[in-house]
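Sharing a structure, written as structure tokens. Questions coming.
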Amino acid sequence: MDDVRPAQWTAYFTTGVPPEAVTDFLLALDARPDPVYRSTGPRAVFEVLAVRGWVRDTYEPGIVYDPLHTASMALTTALPEPFQDGGPLALALTTDPTGWLAFCEPPIGRGPLWAAGFSAGTPHDLVAAFAGSLSSPVPVLRHTLPTPSEGQLSLRPVD
């Protein structure tokens, strides 16, 4: 029987995550020569979000919000069970593995519209690709809008 080991890292996307963000994550993964090698740190994610106008929380600097405070990304140790992995970084940080959680909650208090999570071993450049796409100001085509997002999105007619 083959030796079964935990995944080196995991990424999880719920229904509703913007498909272009998942696509950009997968394209970045496909472009990597090694899916596990970590060439950057969490700063790469914070930088891409800052360039797009996202703001770090004053009291919790690991949390970054979009300008309307409906979407956020957090570098956190509060990772749910599915995000535990067997990667070298996670094993080195046995007490508090740090991963990324992203979610959209318009309006606040009704629960998330969607969520995405990346375990401690997920390379930060892949998370940065997701964050860059998520925070992009470029309009995307949608046939229907999620009901909870009414009043939170900018709408433009299709030419």
If you compare all heavy atoms of A129 against all heavy atoms of A28, which two are closest, and at what distance to 0.1 Å? CB-CB, 3.6 Å
Spacing of L29 atom CG and D24 atom CG [to the nearest 0.5 Å]: 12.5 Å
Does T70 reach the main-chain N or O of C104 with its side chain, forming a donor-acceptor pair under 3.5 Å? no
Could you tell me which non-hydrogen atom of V17 sits nearest to which non-hydrogen atom of A116, and how far apart they are? CG2-CB, 4.4 Å
Checking side chain to side chain contact (heavy atoms under 4.5 Å, CB included) for the pair L126/R32: CA distance, chi angles, key distance, verdict? CA-CA 9 Å; L126 296 179; R32 295 183 109 243; 3.4 Å; yes
Closest heavy-atom pair, L101 versus G117, reported as atoms and distance to 0.1 Å, is CD2-CA, 3.9 Å
Can any side-chain N or O of T14 pair as donor or acceptor with the backbone N or O of A115 at less than 3.5 Å? yes
Main-chain N/O of A71 paired to D66 side chain as donor or acceptor, under 3.5 Å: yes
Are V127 and F13 connected in a single hydrophobic cluster, I mean Ile/Leu/Val/Met/Phe/Trp/Tyr linked by side-chain heavy atoms less than 4.5 Å apart? yes
Quick one: ring pair (Phe, Tyr, Trp, His ring centres under 6.0 Å) partners of F46, sequence neighbours excluded? W100
Verify same cluster id: V22, F103 (apolar side-chain graph, 4.5 Å): no
Would you find a donor on one side and an acceptor on the other, under 3.5 Å apart, between the side chain of S135 and the backbone of L49? no
Work out which heavy atom in A102 is nearest to a heavy atom in M73; give both atom names and the distance. CB-CG, 3.6 Å
Going by side-chain hydrogen bond (donor to acceptor under 3.5 Å, both in side chains), name the residues that satisfy it together with R56, two or more places apart in sequence or in a different chain. none
If I take atom CH2 from residue W54 and atom OG from residue S72, how far apart are they, to the nearest 0.5 angstrom? 7.0 Å
How many angstroms lie between atom CZ of F130 and atom CG of L27, to the nearest 0.5 angstrom? 13.5 Å
With L75 as partner, the option from V64, V45, I63, T98 fulfilling side chain to side chain contact (heavy atoms under 4.5 Å, CB included) is T98
Look at the aromatic rings of F118 and F25 and report parallel, tilted or perpendicular, splitting at 30° and 60°. tilted
Heavy-atom donor-acceptor pair, R52 side chain to G132 backbone, under 3.5 Å: yes
Do the side chains of L26 and W114 join up, straight or via other hydrophobic residues, at under 4.5 Å, putting them in one cluster? yes
Residues that E47 engages under side chain to side chain contact (heavy atoms under 4.5 Å, CB included), provided they are two or more places apart: R43
